[in-house]
Structure formats: C-alpha cells, structure tokens
Amino acid sequence: MNRRTLLFVMDVNTPDDQIIGAANRAQLSLDHLSCLILGAAPTLPMYAYGVTPYGSLNIPDNWPDLLQDAKHALETRVQEVETLLAQSGASGDVQSMLGATVDFKHHVARRARVCDEVYIAASLRDTPQIMREAAFGVLFHSPVGLRLNGDAALDAPRVLVAWDSSEAAARSVHAALPYLKTAKDVIIMCIDPIVTDERDGQDPGADLATWLSHHGCHVTVSQLPSGGLDIAECLQIRAKEIGSDLIVMGAYGHARMIEIVFGGTTRTMSDQTELPVFLAH
C-alpha cells in the first residue's frame, strides 16, 4: 500500500464539516489523515510572576480549574474527531497538544517531519498567534509544504507557480509535485525576471517548464512586469484572471532577534483568505 500522509492542524473549534471533508477525501485518495488538535493552556496572570527571590508563585485559586477545563475540552474534541474519522472509513489518527502557544511550532514541526504535507484549518485564523506558530513550525523547521485556504480536500486542475529561480521557489515546486502532475494546466509566472545567466537565465521559467514537462505536466510560461505593483498583488490579480485553483510559491523569512518573521510577499499571501496557497521554504 502506497499512501501519503496529510497532517491536518486544527483546534477544538474547527467545524465538523471541515474534518469530514478532509476525511472523505483521504478515504477516496487512500491517503492517511493525521489530525493534530492544538489547545492553548490558560496562562498565569502577570502578578503570579511578581514574587521575591525567596517567595512562592501567587497562583490564583481558580487556575487549576481553568487548566482542567482546557484538558477536558481537548480530550472531548479528540474523541469526537476520532468518531468522525471512524464514520468516514478513512485511515487516520488523532493527536493533541495542550501547552504554551510558543511551544506549538516545535510540536507541529516534529509531526510534520514524518508527513508529506500540512494543511492548517481556517479556524486557526481566529487565534493569529497559534496560526503563526504552527506555520513557522512547518515552514522553517520541517521539510514539507504548507497549504492554506480552501478545502483540505483540494482538487487543483489549474496551478499557478510563482517562480524566481530561488531555492525557496524550487523547494515549493518539488514539494507540490503531486499537485502539478495531476493538474490539467500549470502556469509558471515570472514577475520582473532578471535575464542573466547568474539569475533567471536567458529565458526565465523555461528550464522549470522543461523539467515539469518530463513529468507529463502541461506547462505554459508567463513573464510579466510588475508595473510598480507589489509581487503579492500581481500574483493575486493573475491567479484570479486565469482561475487558478492553487498558487505554489516559496516562503521567505528572516531572523529578527530569535524569532523568524515572514517577508512581505509571504506575509501578504499568507494573510489573504481568498486563494489557496502552497508554501515551502
């Protein structure tokens, strides 16, 4: 049996219909759906930390109850998701983590390293810090691609590839190859290409098109000027014009102190919710 493993990152508020849709798709494609439910542990009030060197934490009386309630909610949701998977007949498993938000990136990354792809549920956008930590864990601490927006059971007949000959863009194409091989059309989009041998070559995108054609992909190359627009805006305009079902692009970030932050284009494409995006770093 040859099957891919999709890591579906969610929280206790992820709707049943999203989980059922992902499970039904996994069942049809014979993939394994690994569900990871994240739960943020209640935080101690700031005054709990304002103690003398020889004092003790001033923990509020109801904090243990809050922690127990969070544990119970997470355990209940795990059982509910297990039931949904069983009813769908899909191969799957359910894991959970209750902890500090800053630790989520490490836990998500560990799970992602033994999966083929990660999809983050839309419900995590309601908790931006958890969403950001989960995305960072996948993109900067694991070797797989991350998918945002749309349905976890995504079909992508028309795929737009944002190509700039960079390592990040190349990694995203390699990670997204299963989508590209099954797509009816793959459009390689080069915005403001630099036509030199050291950068994008004399015919930007042509080398990628040749490689993808060897995999049986139907490929066209589009070389476009930005016209002064942001790259992210160009991508969104073009994707809507051609009716793209998925945008494949590299994720870029840089270190700011000890935190990795997204670059402008990556942040904009991650924040928008209209177009499905596949990212890899």
Side-chain angles (χ1 to χ4, degrees), residues 1-41 71 73-99 101 103-127 130-156 171-172 174-179 182 246 251 270 276-281:
M1 175 72 69
N2 181 15
R3 66 171 80 227
R4 300 174 72 240
T5 298
L6 172 65
L7 178 61
F8 189 15
V9 183
M10 65 183 78
D11 60 11
V12 294
N13 298 315
T14 299
D16 285 357
D17 59 346
Q18 292 185 22
I19 301 169
I20 292 171
N24 289 340
R25 177 66 179 181
Q27 197 274 335
L28 289 173
S29 59
L30 301 179
D31 290 334
H32 182 85
L33 186 67
S34 183
C35 299
L36 176 59
I37 309 176
L38 301 177
K71 289 181 179 178
L74 193 57
E75 292 169 354
T76 299
R77 193 55 176 153
V78 166
Q79 295 174 1
E80 293 172 349
V81 174
E82 288 176 340
T83 299
L84 293 175
L85 287 179
Q87 291 173 345
S88 72
S91 171
D93 64 85
V94 184
Q95 299 185 28
S96 65
M97 180 196 178
L98 180 68
T101 301
D103 294 329
F104 286 156
K105 60 177 171 288
H106 303 297
H107 192 79
V108 172
R110 282 196 297 270
R111 290 291 305 129
R113 289 168 193 156
V114 290
C115 296
D116 296 286
E117 181 183 321
V118 180
Y119 175 76
I120 293 182
S123 58
L124 262 66
R125 290 191 182 275
D126 296 330
T127 52
I130 295 177
M131 173 85 171
R132 182 191 64 190
E133 293 294 325
F136 285 168
V138 177
L139 292 174
F140 297 100
H141 298 289
S142 85
V144 300
L146 169 67
R147 198 153 48 79
L148 301 172
N149 304 333
D151 194 335
L154 178 71
D155 283 323
R171 286 184 183 275
S172 70
H174 280 266
L177 194 56
Y179 289 108
T182 58
L246 182 67
S270 300
V277 181
F278 184 99
L279 298 157
H281 175 68

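Heavy-atom basis, side chains included; hydrogens, waters and symmetry copies ignored. Everything numeric here is computed off the predicted structure, so don't read it as measured data.
- Here the straight-line distance linking atom CG of Leu84 with atom CG of Asp16 works out to 5.0 Å at 0.5 Å rounding.
- Legend: residues meeting ring-ring contact (aromatic ring centres under 6.0 Å, His included) with Phe8, ordered by chain and number and at least two apart, are Tyr119.
- The side chain to side chain contact (heavy atoms under 4.5 Å, CB included) check on Leu98 picks up Ala41, Leu67, Ala70, Lys71, Leu74, with sequence neighbours excluded.
- Closest non-hydrogen pair, Gly39 versus Phe104, comes out as O-CZ, 3.3 Å.
- Taking the six-membered ring where tryptophan is involved, the planes of Phe140 and His281 are tilted, since the angle between them lies from 30° to 60°.
- Evaluation of the side-chain hydrogen bond (donor to acceptor under 3.5 Å, both in side chains) rule for Arg125 yields Asn149 as partners, not counting sequence neighbours.
- In this structure, Ala280 and Ala175 approach most closely via the heavy-atom pair CB-CB, 4.4 Å.
- Residues meeting the side-chain hydrogen bond (donor to acceptor under 3.5 Å, both in side chains) test with Glu80, sequence neighbours left out: Arg77.
- At a threshold of 4.5 Å between non-hydrogen side-chain atoms, the residues Asn13 and Asp126 do not count as touching.
- Atoms CE and OG1, from Met131 and Thr127 in turn, are 9.0 Å apart once rounded to the nearest 0.5 Å.
- Using a distance-only test at 3.5 Å, with no hydrogens or angles considered, a donor-acceptor pair links the side chain of Asp116 to the main chain of Thr5.
- Counting only N and O atoms by type, the side chains of Arg110 and His107 include a donor and acceptor under 3.5 Å apart.
- Of the options Leu36, Leu38, Leu148, Leu7, a side-chain contact (heavy atoms from CB on, under 4.5 Å) to Ile120 is made by Leu148 and by none of the others.
- Annotation: salt bridge (charged side-chain N to carboxylate O under 4.0 Å, His left out) contacts of Asp155 (sequence neighbours excluded): Arg25.
- Of all heavy-atom pairs between Leu85 and Leu33, the closest is CD2-CD2, 3.9 Å.
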Checklist entry - Could you walk me through whether Thr83 and Gln87 pass the side-chain contact (heavy atoms from CB on, under 4.5 Å) check? => result CA-CA 6 Å; Thr83 299; Gln87 291 173 345; 3.6 Å; yes
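- Among all heavy-atom pairs drawn from Ala73 and Val12, the shortest one is O-CG1, 4.1 Å.
- Taken from CD1 in Ile130 to OG1 in Thr101, the straight-line distance is 4.5 Å, to the nearest 0.5 Å.
- The side-chain hydrogen bond (donor to acceptor under 3.5 Å, both in side chains) test applied to Asp31 returns Ser29, not counting sequence neighbours.
- With sequence neighbours left out, the salt bridge (charged side-chain N to carboxylate O under 4.0 Å, His left out) criterion links Arg4 to Glu117.
- Contact annotation: the side chain of Met97 never approaches that of Val108 to less than 4.5 Å [non-hydrogen atoms, C-beta and beyond].
- The salt bridge (charged side-chain N to carboxylate O under 4.0 Å, His left out) contacts involving residues 85-97 comprise nothing, where partners must be two or more places apart or lie in separate chains.
- Shown here for Val144 and Cys115, the closest heavy-atom pair between the two residues is CG1-O, 3.1 Å.
- Here the CG atom belonging to Asp17 is positioned 11.0 Å from the CG atom belonging to Asn24, to the nearest 0.5 angstrom.
- The ring-ring contact (aromatic ring centres under 6.0 Å, His included) pairs that include a residue from residues 9-34 number zero, where partners must be two or more places apart or lie in different chains.
- Across all their heavy atoms, Gln18 and Ala122 have their closest contact at OE1-N, 3.9 Å.
- For Asp11, the side-chain hydrogen bond (donor to acceptor under 3.5 Å, both in side chains) criterion is met by Thr14, Ser123, not counting sequence neighbours.
- Scored by the side chain to side chain contact (heavy atoms under 4.5 Å, CB included) test, Ala109 finds Arg113, His141 as partners (sequence neighbours excluded).
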